[in-house]
Amino acid sequence: MSRRVAILLSGSGSNMVALVESMVGDHPARPCVVLSNVRQAGGLEKAEARGIPTGVVDHRPFRGDREGFEALLQEALAVHAPDIICLAGFMRVLTESFVAPWQGRMINIHPSLLPRYRGLNTHARALEAGDSEAGCTVHEVTAALDDGPILGQARVPVLPGDSAQSLAARVLAKEHILYPAVLRRFAAGDRTPVMLG
Ligand code: GRF
């Protein structure tokens, strides 16, 4: 039976689209829901257009009450009984109590070659450091931010004259290849890292 995949996002959802479009044919998984903490997230419309159930769990009423937000998120997820959660540009830090029950079943994509540049502004930081290459990482989610076992990485060159925007675009194109490749393996129970580029 297909594994059920929930995708969490906060933004435009281009990684979500890449994941959804990959889950066809003999793929071991299928999308079951796309949830966002941001009602206006472009990814929600894209999911609806593809016939995937969507939902919004707004974090703003829960200022100072992260666990309250996460309890609601957990409820919204439970309705769809996912086996796997893919974070795809989900811009909320999740606490240990949310992460623990999902450990080994929740994965994230991060736009850097971890362990370099956890957190935000990864491309600007790579340029600032004078790195000659950049990339993206898919990893299992643990309670520590942008940490957890690495399931795949893809590399791109940093080119002369790159801005954070041009580098981000080059990395994003690789994210759309890496994330589906990792999910396919992961959903089949294979945690061997996918190394691209
Ligand atoms: C991607 O760069 C991803 O690595 C980061 O947030 C961005 C999401 O982009 N975590 P999109 O919403 O998938 O287009």
Side-chain angles (χ1 to χ4, degrees), residues 5-23 29 31 33-50 52 54-59 73 84-94 98-99 102 106-128 131 133-158 162-184 186 193-197:
V5 175
I7 303 172
L8 270 48
L9 54 77
S10 305
S12 74
S14 67
N15 276 290
M16 177 278 296
V17 168
L19 291 174
V20 164
E21 290 184 347
S22 74
M23 284 186 264
V33 67
V34 171
L35 296 176
S36 178
N37 63 312
V38 178
R39 189 168 298 280
Q40 299 77 15
L44 289 174
E45 267 182 31
K46 291 176 186 156
E48 279 158 23
R50 287 165 175 78
I52 301 164
T54 62
V56 175
V57 182
D58 190 343
H59 62 280
L73 184 60
I84 294 170
I85 299 177
C86 290
L87 305 182
F90 185 65
M91 301 304 284
R92 303 304 298 168
V93 173
L94 296 166
F98 184 90
V99 169
W102 285 103
M106 176 156 58
I107 63 180
N108 179 45
I109 187 151
H110 183 74
S112 78
L113 294 172
L114 291 173
R116 301 200 78 162
Y117 314 128
R118 297 188 169 96
L120 298 175
N121 303 318
T122 53
H123 306 299
R125 288 157 69 197
L127 291 174
E128 176 99 342
D131 293 353
E133 62 173 8
C136 49
T137 303
V138 178
H139 63 94
E140 288 185 39
V141 177
T142 60
L145 183 68
D146 299 327
D147 203 357
I150 289 178
L151 297 168
Q153 286 190 317
R155 313 177 101 81
V156 301
V158 175
D162 258 340
S163 62
Q165 288 72 21
S166 64
L167 183 54
R170 194 174 310 122
V171 171
L172 190 62
K174 284 282 186 167
E175 293 181 35
H176 299 159
I177 299 168
L178 179 69
Y179 210 175
V182 170
L183 177 61
R184 178 179 267 270
F186 186 76
V194 177
M195 292 299 178
L196 303 178

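For ligands, and for the atoms within them, numbers begin at 1 and follow the listed sequence.
The residue from V156, L172, D131 that alone fulfils the side-chain contact (heavy atoms from CB on, under 4.5 Å) condition with L167 is V156.
When non-hydrogen atoms are compared, ligand 1 lies under 4.0 Å from neither the backbone nor the side chain of M91.
By heavy-atom distance, the residue among M16, H123, E175 lying nearest atom 3 (C) of ligand 1 is E175.
Between the side chain of H139 and the backbone N or O of D147, at least one donor-acceptor pair lies under 3.5 Å.
Close approach to I109 involves these atoms of ligand 1, each under 4.0 Å from a residue heavy atom: 4 (O), 10 (N). Taking every heavy atom of S14 and a limit of under 4.0 angstrom, the matching atoms of ligand 1 come to 11 (P), 12 (O), 13 (O), 14 (O). Residue contact check: G89 has heavy atoms under 4.0 Å from atoms 6 (O), 8 (C), 10 (N) of ligand 1.
Atom-to-atom distance recorded for S112:OG and N121:CG is 11.5 Å, nearest 0.5 angstrom. Rounded to the nearest 0.5 Å, atoms CD (Q153) and CG (L196) are 10.0 Å apart. The CD1 atom of I52 lies 6.0 Å from the CD1 atom of I7; values are rounded to the nearest 0.5 Å.
Within the structure, ligand 1 has G13 among the residues with a heavy atom less than 4.0 angstrom away. Using a non-hydrogen distance threshold of 4.0 Å, G43 does not register as a contact of ligand 1.
Inclusion of H110 in the set of residues having an N or O under 3.5 Å from an N or O of ligand 1 is not warranted.
A 6.0 Å sphere centred on CD of E133 holds more than 12 heavy atoms belonging to other residues, nucleotides or ligands. Residue M23 qualifies as enclosed at atom CE: its count of foreign heavy atoms under 6.0 Å is above 12.
Residue, atom and distance of the protein heavy atom nearest to atom 13 (O) of ligand 1 are N15 N, 2.8 Å.
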